[in-house]
**Q** 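Next up is a structure, given as structure tokens.
Remember, it's a predicted structure, so these values are computed and weren't measured experimentally. In this chain, numbering begins with 1 at the start of the sequence shown.
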Amino acid sequence: MRALASARQLAWEAAERLENAGVPEPVASAEVLLAELLGVRRSELAFYPESLTREQAALYEAWVSRRLEREPVQRILGYAYFRNLRLDLDEHALIPRPDTESVVDAALEVVDRGGGFSRVLDVGTGSGVIAVSIAQERPSCEVHATDQSEGALRIARRNAARAGTKVQFHRADLARGLDVLEGCVDLLVSNPPYVRSADIPKLTPEVRDWDPRAALDGGPDGLGFYRRIFAEAGPLLADGADVVLEVGDGQAEDVLELGRRAGYAPLGTRVDLTGTPRSGLLRSGTRR
Ligand SMILES: C[S@@+](CC[C@H](N)C(=O)[O-])C[C@H]1O[C@@H](n2cnc3c(N)ncnc32)[C@H](O)[C@@H]1O
């Protein structure tokens, strides 16, 4: 019988299998799965002193098999890291993307400019990632969040509690029916579904087959949810409220223009870590 392999050797063999099968980021996939399984940092794998137990090796083999089927690492683990958070995930919630960290930065910039207190509304919260990040990093804010998916809200509530934050979650179609917030939202932030319906079949299997379709599908031109947010959010917003919207690649100008036509003042864009415009910033008009 073959002796139990070292962590480094197992990860190397797994990466090779993943690469041969055409799985994206084979080395990162193999190493992150093994590091999480062993409870060590990825950089520590090379120095992991012991062989894996048979149980650990069997679990790792099961996880690598799932990755070979193009299941994303975060779905295999059941959680994802984002800023200071470890967020639980299930099939109801989009995997939080690193791009969205820059949207949180843009929202925090707005909060800080306003003096630290804001009543914030995160529309389409998914795992709760934006709302929980803002509540954790700016505890002086009053944070509300909506989703139409009860499953997503269940996970988001759990993530908020785990982070020790207080976020008020509402099940809603965008922000409909939130009369309690009428006229008092200082900052609306959203990462709405923005993929063109016809592009969904062309997405990588990791996204197409594993993220909820309701989290992706932005309608025929990908801009349907932006139109609805601009058309429907007005009554909730305080005079001069800020709006920070995550946008897909190449959508920033279109989204700002849609906002302008709906009566919002475009303030500009913020880029993500790759330098791609990722947030559109706008300000609502005054009612008086
Ligand atoms: C792109 S995901 C973003 C999730 C999370 N905010 C993030 O950044 O990872 C869009 C979210 O909007 C929700 N959603 C889709 N249609 C909605 C609607 N009509 N009303 C409320 N939420 C909706 C989806 O369930 C999904 O959680």
Side-chain angles (χ1 to χ4, degrees), residues 79-89 92-193 215 225 229 232-246 267 270 278-284:
Y79 54 82
Y81 294 101
F82 183 95
R83 296 176 77 90
N84 307 316
L85 300 169
R86 202 195 94 168
L87 296 153
D88 283 351
L89 289 176
H92 302 289
L94 186 92
I95 294 176
R97 307 294 204 265
D99 301 339
T100 303
E101 299 206 11
S102 66
V103 180
V104 172
D105 283 332
L108 295 180
E109 178 191 320
V110 167
V111 169
D112 293 344
R113 197 174 356 97
F117 172 79
S118 290
R119 195 170 282 111
V120 180
L121 175 63
D122 172 22
V123 175
T125 198
S127 64
V129 55
I130 296 175
V132 176
S133 292
I134 294 173
Q136 189 199 48
E137 296 185 44
R138 296 296 183 274
S140 56
C141 289
E142 178 183 315
V143 183
H144 297 256
T146 74
D147 209 289
Q148 68 172 0
S149 159
E150 191 50 53
L153 288 173
R154 231 184 351 261
I155 280 285
R157 280 192 195 99
R158 198 198 299 169
N159 285 327
R162 178 206 288 272
T165 58
K166 189 167 173 297
V167 176
Q168 299 178 53
F169 292 101
H170 311 265
R171 186 168 189 196
D173 178 9
L174 288 191
R176 282 190 186 163
L178 295 190
D179 302 343
V180 60
L181 292 179
E182 198 167 315
C184 41
V185 171
D186 304 303
L187 167 61
L188 184 151
V189 57
S190 183
N191 172 17
F225 281 92
I229 289 171
E232 297 177 23
L236 297 181
L237 300 179
D239 288 347
D242 287 283
V243 177
V244 174
L245 300 172
E246 178 165 329
L267 301 181
R270 295 290 181 276
R278 187 60 61 201
S279 310
L281 279 63
L282 304 101
R283 180 155 306 142
S284 72

**Q** Measure the spacing between CG of N191 and CG of D99 and express it to the nearest 0.5 Å.
**A**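 The distance works out to 9.0 Å.
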**Q** Rounded to the nearest 0.5 Å, how far apart are CD of E232 and CZ of R176?
**A**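 The CD atom of E232 sits 4.0 Å away from the CZ atom of R176.
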**Q** Report the distance from atom CG of L94 to atom CG of L89, rounding to the nearest 0.5 Å.
**A**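 Answer rounded to 0.5 Å: 8.5 Å.
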**Q** Mind running side chain to side chain contact (heavy atoms under 4.5 Å, CB included) on D242 and D186 for me, showing each step along the way?
**A** CA-CA 6 Å; D242 287 283; D186 304 303; over 6 Å; no
**Q** Please answer whether the main-chain N or O of Y81 pairs with a side-chain N or O of R86 as donor and acceptor at a distance below 3.5 Å.
**A**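 No.
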**Q** Identify the two heavy atoms, one from A152 and one from S149, that lie closest to each other, and give their separation to 0.1 Å.
**A**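 For A152 versus S149, the nearest heavy atoms are N-OG, 2.9 Å.
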**Q** I'd like to check the ring-ring contact (aromatic ring centres under 6.0 Å, His included) partners of H92; sequence neighbours left out, ordered by chain and number.
**A**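 Residues passing ring-ring contact (aromatic ring centres under 6.0 Å, His included) with H92: none at all.
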**Q** Rounded at 0.5 Å granularity, tell me how far CG in L153 sits from CG in N159.
**A**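 Reported value, rounded in 0.5 Å steps: 11.5 Å.
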**Q** Would you compute the distance between atom CZ of R278 and atom CZ of R270 and round it to the nearest 0.5 angstrom?
**A**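 Answer for the CZ-CZ pair, R278 versus R270, is 15.0 Å.
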**Q** Is the closest side-chain heavy-atom distance between R83 and D105 below 4.5 Å?
**A**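 SC-SC contact between R83 and D105 confirmed.
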**Q** Looking only at heavy atoms, which two atoms of D239 and S284 are closest? And how far apart?
**A**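 For D239 versus S284, the nearest heavy atoms are C-OG, 4.4 Å.
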**Q** Show the nearest heavy-atom pair for residues A160 and F169, with the distance to one decimal.
**A**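 Heavy atoms only, the tightest pair is CB-CE1, 3.8 Å.
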**Q** Might you point out which heavy atoms bring L188 and V185 nearest each other, and give the distance in Å?
**A**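 What the structure gives for the nearest pair is N-CG1, 4.0 Å.
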**Q** Please table the atom pairs, donor to acceptor, closer than 3.5 Å between any side-chain atom in residues 121-132 and protein atoms at least two apart or in another chain.
**A**
from	atom 1	to	atom 2	distance (Å)
D122	OD2	T125	OG1	2.7
D122	OD2	A131	N	3.3

**Q** Tell me yes or no: between the side chains of E142 and H144, is some donor less than 3.5 Å from an acceptor?
**A**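 H144 and E142 do have a side-chain donor-acceptor pair below 3.5 Å.
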**Q** Which value, rounded to the nearest 0.5 Å, describes the distance between L181 atom CG and T146 atom OG1?
**A**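 Output value for this atom pair is 10.0 Å.
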**Q** With a 4.0 Å cut-off on N to O distance, would you call E246 and R97 a salt bridge?
**A**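 Result for this pair is no, no salt bridge flagged.
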**Q** Enumerate, atom names and distances included, each donor-acceptor pair closer than 3.5 Å involving a side-chain atom of residues 110-117, sequence neighbours excluded.
**A**
from	atom 1	to	atom 2	distance (Å)
D112	OD1	R138	NE	2.7
D112	OD2	R138	NH2	2.8

**Q** How close do L187 and A107 get, counting heavy atoms only, and between which atoms?
**A**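 Shortest heavy-atom separation between L187 and A107 comes out as CD2-O, 3.8 Å.
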